[in-house]
Amino acid sequence: MRALVTGGAGFLGSHLCDALLGEGHSVLAVDNLLTGSVSNLSHLKNEPRFEFRLADICKPFDYGDFDYVFNFASPASPVDYSQHGIETLKVGSIGTMNALEVARKSRAKFLMASTSECYGDPPPEAHPQQESYWGNVNPIGPRSVYDEAKRFSEAMTVAYRRYHGTDTRMVRIFNTYGPRLQMNDGRVISNFMRQALRGEPLSVYGNGSQTRSFCYVSDEIEGILKLAHSNEYGPVNIGNPDEFTILECAKLVLEVTGAKSKIEFEPLPQDDPKQRRPDITLARKALGWEPKVKLREGLKLSLPYFQEVVNAVVAAQV
Ligand code: UDP
């Protein structure tokens with residue numbers, strides 16, 4: 001089978017390329033490297049079933065036929081998508097449509113990487129979030145460039161299923177972490193790990209009572225592939241339902257790294273969701289999937305990667 005992975009040089013895209021190659025497929029990764037990095041793919045340079053193309057999927061493209069199209073191209077951290085707001089809106093709309101066209105012409109299975117951000121800032125009665133919840137998104141707030149782009153890409157994906165009969169899947173991804181998470185993307189795990197490993201204070205935004213539910217990358221990729229191979233078209237939440245306050249998360253990073261850093265409180269960004277936790281009943285039933293890696297264990301598994309990046313930065317400064 002031949003698979004296309006848009007955003008293939010990104011954090012999740014690159015892990016997906018590895019997993020698809022592991023299943024025996026040929027993989028073409030396309031990325032414009034706006035937030036992705038070729039270093040995520042450097043271990044594949046001698047792999048004959050793997051190919052990388054530097055390209056922006058917002059321009060129509062034709063790289064032949066595929067059996068699978070995985071649409072993972074987009075800035076994904078709040079810092080990245082605020083910096084690249086227009087590009088984020090374009091890749092969620094025009095880029096997604098171009099990727100859907102490739103799937104339609106190839107009669108490929110299309111899997112859309114959507115997000116828990118479609119739920120916005122859910123009220124207590126929508127907690128944990130089920131797929132049936134429509135969301136509470138500020139359409140003109142600072143997060144809207146990402147949230148509305150992904151909501152539009154869901155609408156476009158479902159329209160291709162409805163009007164063209166394209167065989168689509170949609171996954172709503174919840175906060176995922178692990179090796180290859182960009183150290184400077186501003187996300188909470190990358191920030192806390194970097195700060196702890198450098199002995200700097202950990203920056204907790206607000207009072208740290210907001211919650212997130214963190215999924216280790218191997219669990220996330222396993223769930224995504226199970227969805228791709230199933231008859232369930234979703235959207236399906238794939239995330240770890242273990243919920244932590246951000247303050248608890250900071251303390252866990254200190255424990256795992258052994259750092260003595262202080263915790264410093266900084267202003268909470270506008271529209272920061274107060275709570276987030278996936279209801280994974282559908283994933284359990286339809287895919288027989290559930291996450292295995294607890295946050296403490298996943299942070300330990302990620303530590304060598306973060307340590308290596310911090311060491312490389314220090315070495316480059318000397
Ligand atoms: N956060 C924090 N300190 C940081 C980075 C993030 O306290 O250095 C908080 C942020 O305000 C949010 C949560 O951690 O409540 C998760 O943020 P992240 O940017 O990782 O992703 P989000 O889930 O908001 O998209």
* Asked: What is the distance from atom CZ of R194 to atom CE of M183, rounded to the nearest 0.5 Å?
  -> 7.0 Å
* Using 4.0 Å as the upper bound for N to carboxylate O, is an ion pair formed by R161 and D167? -> yes
* Pair I221-L12, side-chain contact (heavy atoms from CB on, under 4.5 Å): steps then yes or no -> CA-CA 8 Å; I221 296 291; L12 282 179; 4.1 Å; yes
* To do: State, without any angle test, whether N191 and Q195 hold a side-chain donor-acceptor pair at a distance under 3.5 Å.
  => no
* Asked: What distance separates Y81 OH from S74 OG, expressed to the nearest 0.5 Å?
  -> 9.5 Å
* Structure fact -> Note: with side-chain heavy atoms under 4.5 Å as the link, the other cluster members for V69 come out as L4, L28, V30, I57, F61, Y63, F66, V91, M97, L100, V102, F110, M112, F152, M156, V158, Y160, M170
* To do: Answer yes or no: is there an ion pair linking E232 with K285, defined by an N-O contact shorter than 4.0 Å?
  => no
* Asked: Once you round to the nearest 0.5 Å, how far does OG of S116 lie from CD1 of I173?
  -> 9.0 Å
* Taking the six-membered ring for Trp and the full ring for Phe, Tyr or His, determine whether the centres of F50 and F52 are under 6.0 Å apart. => no
* To do: Start with the C-alpha gap between E154 and R172, add the side-chain angles, then the distance that decides, and say whether salt bridge (charged side-chain N to carboxylate O under 4.0 Å, His left out) holds.
  => CA-CA 10 Å; E154 287 203 2; R172 291 195 180 134; 2.7 Å; yes
* To do: Indicate whether any N or O donor in one side chain lies under 3.5 Å from an N or O acceptor in the other, for T96 and N71.
  => yes
* Asked: Under 4.0 Å between a Lys/Arg side-chain N and an Asp/Glu carboxylate O for E117 and R143?
  -> yes
* Should L252 and F244 be marked as a side-chain contact (heavy atoms from CB on, under 4.5 Å) after you check the CA-CA gap, both sets of side-chain angles, and the distance that decides it? -> CA-CA 10 Å; L252 212 48; F244 294 83; 4.1 Å; yes
* Asked: Other than F174, which residues form its hydrophobic cluster under the rule that side-chain heavy atoms must be closer than 4.5 Å?
  -> Y119, Y133
* Asked: When you check the gap from the basic side-chain N to the acidic O, do K292 and E290 get nearer than 4.0 Å?
  -> no
* Stepwise, does the salt bridge (charged side-chain N to carboxylate O under 4.0 Å, His left out) test hold for D242 with R212? -> CA-CA 8 Å; D242 288 350; R212 294 293 185 274; over 6 Å; no
* Have T166 and R104 got a donor and an acceptor in their side chains that come within less than 3.5 Å? -> no
* Asked: Do you see a donor-acceptor pair shorter than 3.5 Å between the side chains of H127 and Q129?
  -> yes
* Asked: Of the non-hydrogen atoms in R187 and A76, which two are nearest, and what is the gap between them?
  -> NH1-O, 4.0 Å
* Taking C-beta and beyond as the side chain, do F72 and I224 meet within less than 4.5 Å on heavy atoms? -> yes
* Hey, would you say the Y68 and H229 ring centroids sit under 6.0 Å apart? -> yes
* Will you find, in the side chains of S14 and R180, an N or O donor that is under 3.5 Å from an N or O acceptor? -> yes
* **Aromatic ring pairing Y216/Y177, orientation class (parallel under 30°, perpendicular over 60°, tilted between)** => perpendicular
* **Exercise: do R276 and N175 side chains pair donor with acceptor under 3.5 Å** => yes
* To do: Report the distance from atom SG of C17 to atom CD of E47, rounding to the nearest 0.5 Å.
  => 11.0 Å
* Asked: Would you say the side-chain atoms of E243 and S213 include a donor-acceptor pair closer than 3.5 Å?
  -> no
* Once you round to the nearest 0.5 Å, how far does CD1 of I189 lie from OG of S77? -> 13.0 Å
* Atom CG in D80, atom CD in E87: separation rounded to 0.5 Å? -> 11.0 Å
* Asked: Is any NZ, NE, NH1 or NH2 atom of the basic residue among E255 and R296 found under 4.0 Å from an Asp or Glu carboxylate oxygen of the other?
  -> yes
* Assess the side chains of D121 and N136: does a donor N or O sit below 3.5 Å from an acceptor N or O? => no
* Asked: Are side-chain N/O atoms of T176 and E220 paired as donor and acceptor at under 3.5 Å?
  -> yes
* Over all atoms of both residues, closest heavy-atom pair of V204 and G208 -> CG1-CA, 3.5 Å
* Should E148 and R151 count as an ion pair when the cut-off is N to O under 4.0 Å? -> yes
* Indicate whether the side chain of D18 and that of H43 have a donor and an acceptor atom separated by less than 3.5 Å. => yes
